[in-house]
Amino acid sequence: MNNNLLSLYSKCFGVDNARQFFDEMPHRDVVSWTSVLSAYVKSGNHEQALELFDWMMFSGQYPNEFTLSNVLRSCSALGQFEYGTRIQSHIVKHGFVSNPVLCSALIDMYSKWGFTEEAYKLFAYMENGDTVSWTTMISSFVQARKWGQALRLYIRMIEVGVHPNEFTFVKLLAASCFHGLNYGKLVHGHMIVWGVKLNVVLKTALVDMYSRCQRMEDAIKVSNLTREYDVSLWTTIISGFIQNLKFREAVAAFHRMEVSGIAPNNYVYSSILNACSSIPSLDLGKQIHSRTIIGGLEDDVSVGNALVDMYMKCSDIIDYGLRVFRGINSPNVISWTSLIAGVVENGFDREALRFFMEMQATGVQPHSFTLSSIIRACSRVKSLSQVSELHGYIIRTKADYNIAVGNALVDAYAGLGMIDNSWRVISMMSHRDAITYTSLATRLNQMGYHEMALNVIPHMYNDNVEMDGFSLASFISASAAMASAETGKRLHCHSIKSGLRRWISVSNGLVDLYGKCGCLTDAHRAFQDINEPDAVSWNGLISGLVSNGCISSALSAFDDMRLAGIKPDSVTFLLVIFACSRGRLVDLGLEYFQSMTKVHDIEPQMDHYVRLVDLLGRAGRLEEAMEVIETMPFKPNALIHKTLLGACNIHKNVPLGEDMARRGLKIDPSDPGIYRLLAHLYDNTGRSDLAEKTCQAMTERGLIKNPDKSRMEFKNKVHIFVAGHDENEVLEENRCSYS
DNA sequence: CGCGAGATTT
C-alpha cells in the first residue's frame, strides 16, 4: 500500500513530496527505492538519482533490473563513464545480461558516449534482439554519422524478421537523406508498406528529409497529411525554407504558426533570426528581437547567439551585436564564435583578437569554427607572429583541428607570402578538399605567381580532390594571366565535361582567357555560351576587344551591354575610357567619364583619373590633363605622373615631362619606369647627353630595368616579348601534367 | 518500477 501511495505522490505532487514520504516509510523494498529513483530520472535530477542509488547499495538493498535501467540512464545523461561500467559489471555478475531491456539501455549508453563499436559488440552479443534494440543500434550509427551502416542494419533487421516501427523510421529517414533523395523516398515507401502510423514526430522527420533533399514542395505536402502540428515541426519547416533559400516563405511560415496559436520557443526564434541574417534584413531582425523579449526569451543562450549573428550580419555597427552579447548570462563557444566571426566579417580584426583573448580568459575553449575565424582575422592584419602563435596554440592544446582550421592556416600562410608553410600545413592535414587548393591558388594568383597556381592542379589531381567552380575559375584566371591558351583550353574542356561551365565565374574566366590570348573568336563564342551574362562577362568581352585593338567593336559591345539591361560598373568605365584613349576619341571619352557620376551614379576612383589623364595626354591636350591632376579629389600617385610623362613623350614636351618625372620620383623614388620614360623623352628631343645622365642616375641608385613582358603562345611554347630586345626569349612551358 | 524517435544558433 505504501508503494502505491509513493507512486501516487510522485505522479501528483512531484518528486520532492514522494521523497519526503519515502524517507518516512517504516519498511522499504526494492520497488520503493526504484520508484523514487525513477521519479528523479524522469524529472532530470540525475545527480540525485545516483546519490539515492549509492545510499540504496549502502543500506544493503539489492537492485533489480528496473533499478539498473534507471541508473544506466542517469550515467548516460551525466557522462559518468566509471559509474556506468560499474553498473555494467553488476549486470553481468548478477546474470541480467539476457534481459533485452538492460541490453538496449547499455547499447544506448555506449552510443551516447560515442563508443559505436563497443555498442555494436553488445548488440551482436544479444540473442533475443527486439525492435527496441535494433532501433537503438540504428540510432547509434546515425549519431556516429554512419548513414550507410544504419541503412544496412535495417535490411538485416527485416531479414531476421524483426519489425520496424515509427521509432525506427524516424532514424532511418535521418540517415537516408544523406544518401540522396532516392534513398529518402525508398524509406518513405517502406514506411507506408509497413503501415506505420504517421505521428507528428515521424512527420517532422519526413519534412526534414525532403527539405534536406531540396524538395520543399514535397516537405509541405507531407506536413499537410495530418492536422497535427507542434513547435518542433514548425521549426523544421522554417529552417527547411531557410536552407532552401526561401526566406520569404520562412517568414510566412513563422506567421502561420503564430496564427495557429502555437507559441514560438527558443528553437523557432533562432531559426527565424537566421532568416533575418541571410536576407539580410535589419528591420525584420529588430522586430523578431522585440518578439523574443515579449516572449521572455531574451536571456536564452541560443536566441542570444542568433541575435548576435543577426546584428553582425545585418549592420556594420558591431556595437549592436556586442550589446546583445554582453546581455547573455553565460556565453558558450557558439556565442563567442558568433561575436568573433561577426567582428572579423566587419573588418575589426584587432577587436576580434581581443575578444579571442577574453574568451580564453573566461575559460571557454575555442573550437574549429572559432579558430578558423580568428586565423582569418590574423591573416588580414598581416600578422605572421599571431598566425604562428595560433598555429602553435592549436598544436599544443590539441585543439579541435579539422579541415576548416587547416584550410584557414593554408590561406593565412599563403596570404602572408609563406607558400612553403602552406604546403607544410597541407601535408600535415589528414585530408584536403577543393577549398584547400583553391585558397592556395587564389593567393598565388594575387601575388602574380600564376605558374605556381597552375602547378597546384597536379597536386589536387593526385590527391583525388575534385575541382569545383571556385577552383576551376582560379586556374582559368591563372592561365589567362599567363596568356597560356593551351592550358586554358584543357581547363575549358574540363569545364564542359564536369558541367562546371554553368558557373558564371568559370565562363567569365573563359571569356577573359581567350581575350588575353588574342583569340577573339573564341572569346566571343565563350561569351555567347553564357546564359545570362553579367557585368563581369561584358567587361571580359570588352577588355578582350580593347586589348586587341578592336576599339569600335569594344565600344559597340558597351552599347550592347546597356541595351541588354546590364548596368556598367566602375571596371566597365576603366575599359571604355581606355578604349577611347587608344582610339583617339577624346570627346567621347570625356563624355563617358562625365556620365559616370551624372548618369550611372558611379564615383570615379583614382584609376579612372589616371585613364582620363592618359586620354587627354595622348591627344595632346596636356594642359587639361595637368588640370585634372591638380583638381581631382585624390592625392596624385606616381602612376598618374608617369602617365602624363608618357604623353609628354609622344608630344615632345620636355618642361612638363621633367616636372612630371620630378613629382613622380618624389612619391616613388624607386620606380625605374620614370627614369626610362624621361631618358626616352630626352632622346626623342635630341638631348642624348641628358638621356645618358638619366640612365646613369638610375643605375647609381641600384634600380634595375625590369620591363613589362608580353606573352604569346605558339606551338606549345610561350614566347615572351620584351621591349628593347632584339631576340625574343622562348620559354619552354612547364606543362601541367593533369589530363 | 525499466529500454528506442523530432526541431535552433557559429
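Keep in mind that this is a model prediction, so the values were computed, not measured. What you see below is based on every heavy atom in this structure, not just the backbone, and it leaves out hydrogens, waters and symmetry mates. Proteins get letters first, then strands, A, B, ... in listed order; numbering begins at 1 in each.
For the pair A/Phe369 CZ and B/dT8 P, the interatomic distance rounds to 15 Å; values are reported in whole Å. Taking atom CG of A/Leu52 as the reference point, atom C1' of B/dG2 lies 15 Å away to the nearest angstrom. The distance from atom OH of A/Tyr269 to atom C1' of B/dA7 is 16 Å, rounded to the nearest whole Å. If you take CG of A/Leu102 and C1' of B/dG4, they are 14 Å apart, rounded to a whole angstrom. With rounding to whole Å, A/Leu106 atom CG is found 12 Å from B/dG4 atom P. Following rounding to the nearest Å, A/Ile237 (CD1) and B/dA7 (P) show an atom-to-atom distance of 14 Å. Between the CE atom of A/Met209 and the C1' atom of B/dA5 there is a distance of 16 Å, rounded to whole Å. As a whole-Å value, the separation of A/Met137 CE from B/dA5 C1' is 16 Å.
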### Query
Is there a side-chain contact (heavy atoms from CB on, under 4.5 Å) between A/Phe22 and A/Ser32 once you walk through the steps?
CA-CA 7 Å; A/Phe22 172 83; A/Ser32 333; 4.0 Å; yes

### Query
A/Asn332 and A/Asn305: side-chain contact (heavy atoms from CB on, under 4.5 Å), yes or no, with the steps?
CA-CA 9 Å; A/Asn332 59 20; A/Asn305 296 349; 3.4 Å; yes

### Message
What verdict does the side-chain hydrogen bond (donor to acceptor under 3.5 Å, both in side chains) test give for A/Tyr9 and A/Asp16, after you've listed the backbone C-alpha separation in whole Å, the side-chain angles of each residue and the deciding distance to 0.1 Å?
### Response
CA-CA 9 Å; A/Tyr9 278 122; A/Asp16 291 331; over 6 Å; no

### Message
Before you tell me yes or no, could you show the steps for A/Cys177 and A/Asp208 under side-chain contact (heavy atoms from CB on, under 4.5 Å), namely the whole-Å CA-CA distance, both residues' side-chain angles and the distance that decides it to 0.1 Å?
### Response
CA-CA 9 Å; A/Cys177 61; A/Asp208 197 45; 5.6 Å; no

### Query
Hey, mind stepping through A/Trp113 and A/Tyr110 against ring pair (Phe, Tyr, Trp, His ring centres under 6.0 Å) and telling me if it holds?
CA-CA 5 Å; A/Trp113 287 340; A/Tyr110 275 103; 5.8 Å; yes

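Remark: the A/Thr236 side chain and the B/dA7 base include no donor-acceptor N/O pair separated by less than 3.5 Å. With hydrogens and angles left out, the side chain of A/Asp230 and the base of B/dA7 share no donor-acceptor pair within 3.5 Å. Taking only distance into account, the side chain of A/Ser302 meets the base of B/dT8 through a donor-acceptor pair shorter than 3.5 Å. Interface remark: the A/Thr136 side chain does not form any donor-acceptor pair with the B/dG4 base, using a distance-only criterion of under 3.5 Å.
The nucleotide whose nearest atom lies closest to any side-chain atom of A/Asp108 is, among B/dG4, B/dA7, B/dT9, B/dG4. The nucleotide whose nearest atom lies closest to any side-chain atom of A/Asp309 is, among B/dT10, B/dA5, B/dG2, B/dT10. If you check B/dC1, B/dT10, B/dA7 against the side chain of A/Val31, the one that comes closest is B/dC1. Of the candidate nucleotides B/dA7, B/dA5, B/dG6, B/dA7 has the atom lying nearest to any side-chain atom of A/Asn265. The side chain of A/Ser35 lies closest to B/dC1 when the candidates are B/dA7, B/dC1, B/dG6. Side-chain atoms of A/Ser232 lie closest to B/dA7 of the nucleotides B/dT10, B/dA7, B/dG2. Listed nucleotides: B/dT10, B/dG2, B/dA5. Nearest to the side chain of A/Thr337: B/dT10.
Within 4.0 Å of A/Asp208, counting heavy atoms only, lies no atom of the nucleic acid at all. Residue contacts shown for A/Ser335 are absent, as no nucleic acid heavy atom lies under 4.0 Å away. Contacts of A/Leu233 with the nucleic acid, taken as non-hydrogen atoms under 4.0 Å apart, include base atoms. Residue A/Ser338 is classed as a sugar-phosphate contact, given heavy-atom separations below 4.0 Å to backbone atoms only.
When side chains are defined from C-beta on, A/Thr67 does not count as touching A/Trp33, because their heavy atoms never get closer than 4.5 Å.
Regarding contacts with the backbone of B/dA5, every side-chain N or O of A/Lys197 stays at 4.0 angstrom or more from both OP1 and OP2. The phosphate of B/dC1 has neither OP1 nor OP2 within less than 4.0 Å of any side-chain N or O from A/Lys42. Between A/Asn274 and B/dT9 there is a side-chain polar atom (N or O) within less than 4.0 angstrom of OP1 or OP2. For B/dT8, one of the phosphate oxygens OP1 or OP2 lies less than 4.0 angstrom from a side-chain nitrogen or oxygen of A/Ser239.
Sorted by residue number, the members of residues 161-173 of chain A with any non-hydrogen atom under 4.0 Å from DNA chain B read A/Asn165, A/Glu166, A/Phe167, A/Val170, A/Lys171.
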When the side chains of residues 146-161 of chain A are checked against the rest of the protein, which donor-acceptor pairs come out under 3.5 Å, sequence neighbours left out?
| unit_1 | atom_1 | unit_2 | atom_2 | d |
| --- | --- | --- | --- | --- |
| A/Tyr154 | OH | A/His190 | ND1 | 2.6 |
| A/Tyr154 | OH | A/Trp194 | NE1 | 3.2 |
| A/Arg156 | NH1 | A/Tyr120 | OH | 3.1 |

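Atoms CZ and CG, from A/Arg19 and A/Leu52 in turn, are 5.0 Å apart once rounded to the nearest 0.5 Å.
Sorted by first and then second residue, the side-chain hydrogen bond (donor to acceptor under 3.5 Å, both in side chains) pairs with a member in residues 231-253 of chain A form an empty list; sequence neighbours excluded.
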